[in-house]
4 protein chains.
Amino acid sequence: MRLKEGNKGNDILLAAIKVFAESGYHNAKIHKIAELAGVATGSIYVYYKNKETILQRIFEQLWERLYNELAAISRRTDINAIEKFDGLIDLLFDMFIKDPALAVVFVNEQNYLIQKDPKGFTPYYQKFIDLGECIVVEGIDKNAFTPDIDVKIIRSYIFGGLRHLLHQWAQSPEEYSLDSIRENVKYFSKRGLLK
Amino acid sequence: MRLKEGNKGNDILLAAIKVFAESGYHNAKIHKIAELAGVATGSIYVYYKNKETILQRIFEQLWERLYNELAAISRRTDINAIEKFDGLIDLLFDMFIKDPALAVVFVNEQNYLIQKDPKGFTPYYQKFIDLGECIVVEGIDKNAFTPDIDVKIIRSYIFGGLRHLLHQWAQSPEEYSLDSIRENVKYFSKRGLLK
Amino acid sequence: MRLKEGNKGNDILLAAIKVFAESGYHNAKIHKIAELAGVATGSIYVYYKNKETILQRIFEQLWERLYNELAAISRRTDINAIEKFDGLIDLLFDMFIKDPALAVVFVNEQNYLIQKDPKGFTPYYQKFIDLGECIVVEGIDKNAFTPDIDVKIIRSYIFGGLRHLLHQWAQSPEEYSLDSIRENVKYFSKRGLLK
Amino acid sequence: MRLKEGNKGNDILLAAIKVFAESGYHNAKIHKIAELAGVATGSIYVYYKNKETILQRIFEQLWERLYNELAAISRRTDINAIEKFDGLIDLLFDMFIKDPALAVVFVNEQNYLIQKDPKGFTPYYQKFIDLGECIVVEGIDKNAFTPDIDVKIIRSYIFGGLRHLLHQWAQSPEEYSLDSIRENVKYFSKRGLLK
DNA sequence: GATGAATGAGTGTTCATTCAT
DNA sequence: TATGAATGAACACTCATTCAT
């Protein structure tokens, strides 16, 4: 195993997530990331072209992972579209639970990054969104979901609603249990979707 | 005195909205705001303590206006809770249609500002949110909306969904008509809310 | 009498002395001087060309007054050179007692002003210094003071010593009584001067 | 590393002394110091927290050096108090001769710095002053100096006198020889001090 | 004269990025 | 690869001074 030969590139990424979450991307200092990652400032630039690239890589890793997990769910034949939709929502909630700092970065910085350089943003994001759409379309086709909605619109609606809720939760986690939020979201959304 | 030939304080605010929308708050340059406002750099500081204060004032003005309009809707006795809910959604859509730049600023910078200085953020925002909640509660009391949801959670969900949709639209307005988005939101949300 | 028709030019000077004493010339704000003087910022410039001119005028007024008083002492025939020397020292001490703020400005800013614009500095200063020298020379001529010193050098020595002592006292007036300082100065200096 | 090709920290200090002497602390520009030191503007802040810190460091270095030299004199047993007093005066004169720019900074800025941040001012200054006092006290104890003076007061008087004389000389060195000044000071002061 | 809003040149300081070692 | 001292462009903010009223 190559344990303490340590993956510096990844150490930097993990440190960056923490620092971006704490201070926001624009107020984050490179030297603080380096410090937290246990490397010299200059070493950051051995692994990443610049500050923005670090942020891009964070999102690439995030959406690649989420996409792969959603793909696994989507491929399953033992569950129906409704259950797959539940799975999608659980996916996002689980991500937040496992890595709150990453979630904060996602909520706060994704807009900025997409607007700044749409081409540079990871294609996994779009693939994830598309796959989510597929699941809903599948539900409509199977007569489980209502056809009276525009799937692309509702998909964004649900995505934005989730994101905002998770953000609220991240700021004051004591106010609501994530489980309560999760159940309300599922209940409300499915009432909107189900036939 | 050389003041009042056209409310410079407001000129600055309007210019700031444009510049913040274009470049984002953090990349916006004070001198560019001044230029666009037709004012000297130093004059910005006659009207606003610093850059952040300008952003705060933008949100104060925005939420004060929205709150007052929602209050007017809420007070009406000639329409029921469902129609009031429609009114709430129309309010936000209208704001976006009238001032897309303001909407972009709202979507991109509100999180940052609230996190940076929660106390300094306009109380009109919370009042607006609370009033929206009242309308839904009223609907539940009048047996129009389902009581099986947590109003505070769903209120955030809807708010976040709306915000994200409007943001998407602002970035590529040609892809969807705002009216189509508006109708889908109303339809989907009311399916979730109605008894 | 023209009392509350008020001498604004002098009000400004008095305010400036206070503000310069408190914050130092370089950190003093014109608008604070105006506020303290009870006039508008712009009015300062009706009476004085700029900030430096105010400082120059303060020193002009100070040295004109001191010179006239020393001249009166110098002219007297009823006292000898030694008593005149005592009078010179008393003059400076009295100034400090009557107007500590003015004294602080004198100690802190005179060097700066002379170096910045030697030509612009009030000629009363030089006249005062010369007159002090005369008194000592008179003492030497009358065989009261020793001729073994260079009067110009010792005059500066005494002047600097006095200034430093007064400065020390102004910073912590509780540590020494001005009278104790005065007597020590007279005693020590006269030991140095007397034949 | 790119450090140590000639002690940049000290280069900056030397440049700062020159620029402070020429323009005064408040009018000195950081970029000019950098230029003179042959260093980039930003490098100043690698070595010093800010402009004021540079000034503090100048005084620290100055008084540490003077204190150590005076301590060496004070420790000697082969010379009496009178000779030590001469040594003290020579010390200050020598400093001025070797580094007139440093002397100008000392005369012009020490008051400001002490008043602005008394705690931040180098303790070597007080130690120097105290040691000077010791020498005079020793002279009194050994019956060489008169006990009829307050040592603390006269110590300030002498210090201030010296400072002023050196300042005068630095502004127009041609008018008097430093040696003439030095001898007059010694003569006059010792007349005042000796029994 | 008196006002105080408006001005804009000026500057200390930050920090992402570079590069000699 | 790894370092961290060095860089210098960039910018928010200040404030003495002006001038239309």
Side-chain angles (χ1 to χ4, degrees), chain A residues 5-6 8-9 12 25-35 37-54, chain B residues 1-5 8-9 12 26-35 37-54, chain C residues 5-6 8-9 12 25-35 37-54, chain D residues 1-5 8-9 12 26-35 37-54:
Chain A
E5 150 201 343
K8 282 197 188 179
I12 291 166
Y25 173 73
H26 286 95
N27 288 110
K29 316 295 177 221
I30 288 285
H31 93 101
K32 210 177 171 185
I33 295 174
E35 191 184 44
V39 301
T41 310
S43 302
I44 301 272
Y45 293 85
V46 174
Y47 293 90
Y48 303 95
K49 198 183 142 228
N50 53 31
K51 197 179 173 186
E52 196 172 301
T53 304
I54 301 175
Chain B
M1 57 173 178
R2 279 192 275 174
L3 191 65
K4 273 290 142 53
E5 327 145 334
K8 286 196 184 181
I12 291 166
H26 287 95
N27 287 110
K29 314 299 175 214
I30 288 287
H31 90 100
K32 207 175 174 187
I33 294 175
E35 191 183 46
V39 149
T41 308
S43 301
I44 301 274
Y45 295 88
V46 174
Y47 292 90
Y48 303 95
K49 196 181 142 237
N50 52 31
K51 201 180 170 185
E52 193 171 305
T53 303
I54 302 176
Chain C
E5 148 201 343
K8 282 197 188 180
I12 291 166
Y25 172 73
H26 286 96
N27 287 110
K29 315 295 177 218
I30 288 286
H31 93 101
K32 209 176 171 188
I33 295 174
E35 192 183 46
V39 302
T41 308
S43 302
I44 300 272
Y45 292 85
V46 173
Y47 293 89
Y48 302 95
K49 195 184 145 231
N50 53 31
K51 198 179 171 184
E52 195 171 302
T53 304
I54 301 175
Chain D
M1 56 173 179
R2 277 194 277 176
L3 193 64
K4 276 287 142 58
E5 329 144 332
K8 288 198 184 177
I12 291 166
H26 287 95
N27 287 111
K29 313 301 174 211
I30 287 286
H31 91 101
K32 209 176 172 186
I33 294 174
E35 193 183 44
V39 149
T41 309
S43 300
I44 301 276
Y45 294 87
V46 173
Y47 292 90
Y48 303 94
K49 199 181 141 237
N50 51 32
K51 199 179 171 186
E52 195 172 304
T53 303
I54 302 176

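Hydrogens, waters and symmetry mates play no part in the numbers below; they use all other heavy atoms, side chains included. We name chains A, B, ... by the order of the sequence lines, and we start the count at 1 in each one.
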Fill in: Among F:dT3, E:dT7, E:dA2, the nucleotide that comes nearest once only the side chain of A:Lys8 is considered
F:dT3
Rounded to the Å, how far apart are [X] [atom1] and [N] [atom2]?
| X | N | atom1 | atom2 | answer |
| --- | --- | --- | --- | --- |
| C:Tyr25 | F:dC15 | OH | P | 14 Å |
| B:His26 | E:dA16 | NE2 | C1' | 16 Å |
| B:Ile44 | F:dC15 | CD1 | P | 18 Å |
| A:Ile33 | E:dA16 | CD1 | P | 8 Å |
| A:Lys49 | E:dT18 | NZ | P | 9 Å |
| C:Glu35 | F:dC15 | CD | P | 14 Å |
| A:His31 | E:dA16 | NE2 | P | 8 Å |
| C:Lys32 | F:dT17 | NZ | C1' | 20 Å |

Just the table, please: protein N/O against nucleotides 9-11 of chain F N/O, every pair under 3.5 Å.
| unit_1 | atom_1 | unit_2 | atom_2 | d |
| --- | --- | --- | --- | --- |
| F:dC11 | OP1 | B:Lys29 | NZ | 2.7 |

Worksheet item: For DNA chain E, what are the stems built from at least three Watson-Crick or G-U pairs in a row, each pair having both distances below 3.5 Å?
Response: E:2-21 with F:2-21
Worksheet entry | Shortest non-hydrogen contact between B:Tyr45 and B:Ile30, atoms and distance | OH-CG1, 3.7 Å
Practice prompt. Could you tell me which non-hydrogen atom of A:Ile12 sits nearest to which non-hydrogen atom of A:Ser43, and how far apart they are?
Written response: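 Looks like CD1-O, 4.3 Å.
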Practice prompt. By nearest nucleotide on DNA chain E, pick out whichever of A:Tyr45 and C:Tyr47 is the more 5' one.
Written response: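 Final value for this comparison: C:Tyr47.
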Worksheet, complete the sentence: The residue, C:Ala40 or D:Asn50, whose nearest nucleotide of DNA chain E is more 5′ is C:Ala40
Fill in: Note, C:Ile44 side chain near C:Lys51 side chain (heavy atom, < 4.5 Å)
no
Item to complete: Say whether, by atom type as modelled, one donor and one acceptor occur between the side chain of C:Tyr47 and the main chain of C:Ile54 under 3.5 angstrom.
Response: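 Not a single qualifying donor-acceptor pair exists.
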Fill in: Earlier contact from the 5' end, DNA chain F, for C:Glu52 and D:Ser43
D:Ser43
